[in-house]
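Taking it in order: structure first as structure tokens, then the write-up.
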Amino acid sequence: MGADGNGEIKYTLHISPGKAEINYFKDLWRYRELFLFLAWRDVLVRYKQTVIGVLWSVLRPLITMIIFTIVFSKLANLSSNGAPYGIMVFAGTLPWQFFSNSLSDSGNSLIANSHLISKVYFPRVIIPASSVIVSLIDFLIAFLIMLVIMVLWYSFIPPASIVLMLPFLALAFFSSLGLGFLVSALTVKYRDFRYIVPFIVQFGLYISPVGFMSSIVPEKWRLLYSLNPIVGVIDGFRWAILGDVSQPLWWPGVAVSAVVSTLLFVIGFGYFRNTEKAFADVI
Amino acid sequence: MSDYAIKIENLGKKYIIGHQRQNGYKTFRDVLVEKAKSAANLLLHPFSGVTGGPGADDYEEFWALNGVNLEIKAGERVGIIGRNGAGKSTLLKILSRITDPTSGDIWINGRVASLLEVGTGFHPELTGRENIYLNGAILGMGRVEIKRKFDEIVAFSEVEKFLDTPVKRYSSGMYVRLAFSVAAHLEPEILVVDEVLAVGDAAFQKKCLGKMEEVGKEGRTILFVSHNMAAIQNLCSRCVLLNKGVIETVGTAEKVINKYIESSSIEAKISIGDRLDRSGDGKIRFTALTLRDENNCSVNSLICGKKAVLSFSYKNNTLVALKNLNFTLGIDNLTGERITYVGSEICGSSFSELAVGVNSIDVCVEKFPFMPGRYGFTIYCSVNGVVADWIQNAGYFDVQPGDYYGTGKLPPSGQGNFIFDYCIYAG
């Protein structure tokens, strides 16, 4: 057979207890293609053998949005300070669903791929990270389609400030990733988290300002409320999409959410790296 | 550039068993105790990696590997054998970086691909085409590399027609063929293979072996774990025998395999003496079957194609040497079918007499023609036409694969019980 042709530089690998750290980021780079392949697999598999396929990623937030608009605006008579209530809910539902999908998918991801973990080497962060990426792709598709629906339904012209949602999307991404790392690593050892995560996701929907404005929370509790990183994310999305019309952005809350996301990411990644060597022995 | 491909120094892997299963949680206290203990061990026995005293705590340490040293040169083909639990798979897992060693160092020169399973990461919902890419990536191939070899992989697998069908609709044979084709087209410098040849049908196994040989001839370094002694002998130049986590022997494949088969000859004695479900007048009582090899050494199992001796120990309970005997042996396969009959009268060997006391009757076969597997036997002996001892299903013996034809190959398993010498001519 011919030459290998992959142009890989010959190198000496040293395996020793605790030695894995040194090659860690080099390996992460070497396995970037596997990362993409796993994400690609999850995207492909996600809607296989469904009739409407990727439409599910739009249908779920759309239905949630309609129900929340009816329940909170019409029945509970909550105000959106003049902004169309539907758009307000739309700006809350999508980041929330991104966060909750990432969390539940990445939390289970290591267990779901246990056959890979016990048979093949690769940096394990690839697995939960690719779950988050898949949720992100879902989010982007849903966001674009929902935006079109909003524009048509409410004759709403999105302002240029909509690009400001990107930093908030990054915030949601890193908190999802951090929590995803933490929960997936914990689940490997303590299967309790398989039951805890759906529970968090379920009541998180109510304690996050998905169906209502975070301004209805009393002023003195706002800072505490912002410890939930998704509060800052949703507020930021609304601000970016609706401008100051409904509610000016409350920066202290965003700052708290950002700090919490960063902490989550650092702790999650740290815990993951500390435990990942033993995954194959424990899973 | 150094000339070794893999260098292993004082490698150890410890597992903690029992404890974790019982309450599922490892407490902080356990972690502290363990750390203190390993620190103490390191101080007291810096070179040995000794385990903590048994029963020192409420859990047990188990060293799957302990103080393993091995150097493998580039281009060498090394087989690893050993009983279940000897640490073979653990060694491969550490080499593949799936799990971290507890102590020691390994240096590896070159790109490693490890094949601990065929079809790792195959997703049933994805099509054959998609799975080739996915599995290739998982085994460490790049996208470009897979693309380049794609046609070759497909041709080897013989599943062209079903390339766009989800693999969940594949027959298990197609599935395995596709999976192996991907693996077979890896081009690493070092290939680490575990027992993968044990899957699939006979034809597939043959194809695997052929491909492995081909890879070996290209000068790659191969590390191969198998229970198939014939395959190891044929494929590997050197062999390592692991036993309870330590290397027992390293040497030529033939030498190490023989050592492996001898290593537990104590187990080879099957107690027949205690059987009560026997008939006969008891002038003679069979007591045990001992298997022996060409050197008359007691062995655990016989090897196909080698000289074999089935030695039946007996006790003559009378006070005189017994004459006019007929000894017969019936051999059954695993399904209980009688496959052959060995008799002293029909072969014309009339041993003159059975001496008083304990002795043995040996059945000698120059080139043992049994296929690898387990065989049961029934023994019978009559004196002057009167049954002296007769035990149905008295026990069993095992036959290991061997190089019967000098080609390293045997018929696929499941293809009968016997082999023999023959010639095949054209025209």
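Side chains included, hydrogens not; waters and symmetry mates left out as well; all remaining heavy atoms used. Lettering of chains follows the sequences in order, A, B, ..., and the numbering in each one begins at 1.
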* Answer with side chain, backbone, both or neither: which region of B/L95 has an atom nearer than 4.5 Å to a non-hydrogen atom of chain A? => backbone
* To do: Evaluate the criterion side chain to side chain contact (heavy atoms under 4.5 Å, CB included) for residue pair B/R97 and A/D27; output intermediate values, then yes/no.
  => CA-CA 12 Å; B/R97 294 204 285 162; A/D27 273 351; 2.9 Å; yes
* To do: Could you grab the distance from atom CG of B/D100 to atom CD of A/E276, nearest 0.5 Å is fine?
  => 9.5 Å
* Under 4.5 Å from any heavy atom of chain A - which part of B/K7 -> neither
* So, for A/I117 and B/I98, which heavy atoms are closest and what is the spacing to 0.1 Å? -> O-CG2, 3.3 Å
* To do: Please round to the nearest 0.5 Å and tell me the distance separating atom CD1 of B/I94 and atom CD1 of A/I15.
  => 8.5 Å
* A/F203 CZ: over 12 foreign heavy atoms closer than 6.0 Å -> yes
* Asked: Under the side chain to side chain contact (heavy atoms under 4.5 Å, CB included) criterion, do B/L116 and A/V120 qualify, and how do the steps go?
  -> CA-CA 8 Å; B/L116 303 196; A/V120 189; over 6 Å; no
* Asked: Out of A/L116, A/N113, A/L36, which one racks up the most heavy-atom pairs below 4.5 Å with chain B?
  -> A/L116
* If you round to the nearest 0.5 Å, how far is NE2 of A/H14 from CG of B/N109? -> 12.0 Å
* NZ (B/K168) with more than 12 external heavy atoms under 6.0 Å -> yes
* Of all the heavy-atom pairs spanning A/H115 and B/T120, show the shortest one and how long it is. => O-CG2, 4.0 Å
* **Donor-acceptor contact present, side-chain A/E33 to main-chain B/R143, <3.5 Å** => yes
* To do: Apply ring pair (Phe, Tyr, Trp, His ring centres under 6.0 Å) to A/F37 and list each qualifying residue two or more places apart in sequence or on a separate chain.
  => A/W40
* Structure fact -> For B/T99 and A/A280, the nearest pair of non-hydrogen atoms, with its separation, is CB-CB, 4.4 Å
* Asked: Checking heavy atoms, do the side chain of A/R124, its backbone, both or neither come under 4.5 Å from chain B?
  -> side chain
* **Top contributor to chain A contacts, counting heavy-atom pairs under 4.5 Å, from B/G136, B/P124, B/G121** => B/G121
* **Within residues 99-112 of chain A or reaching into it, pairs that qualify as salt bridge (charged side-chain N to carboxylate O under 4.0 Å, His left out) - sequence neighbours excluded** => A/R46-A/D105
* How long is the gap from CD1 on B/I138 to CG on A/L38, to the nearest 0.5 Å? -> 6.0 Å
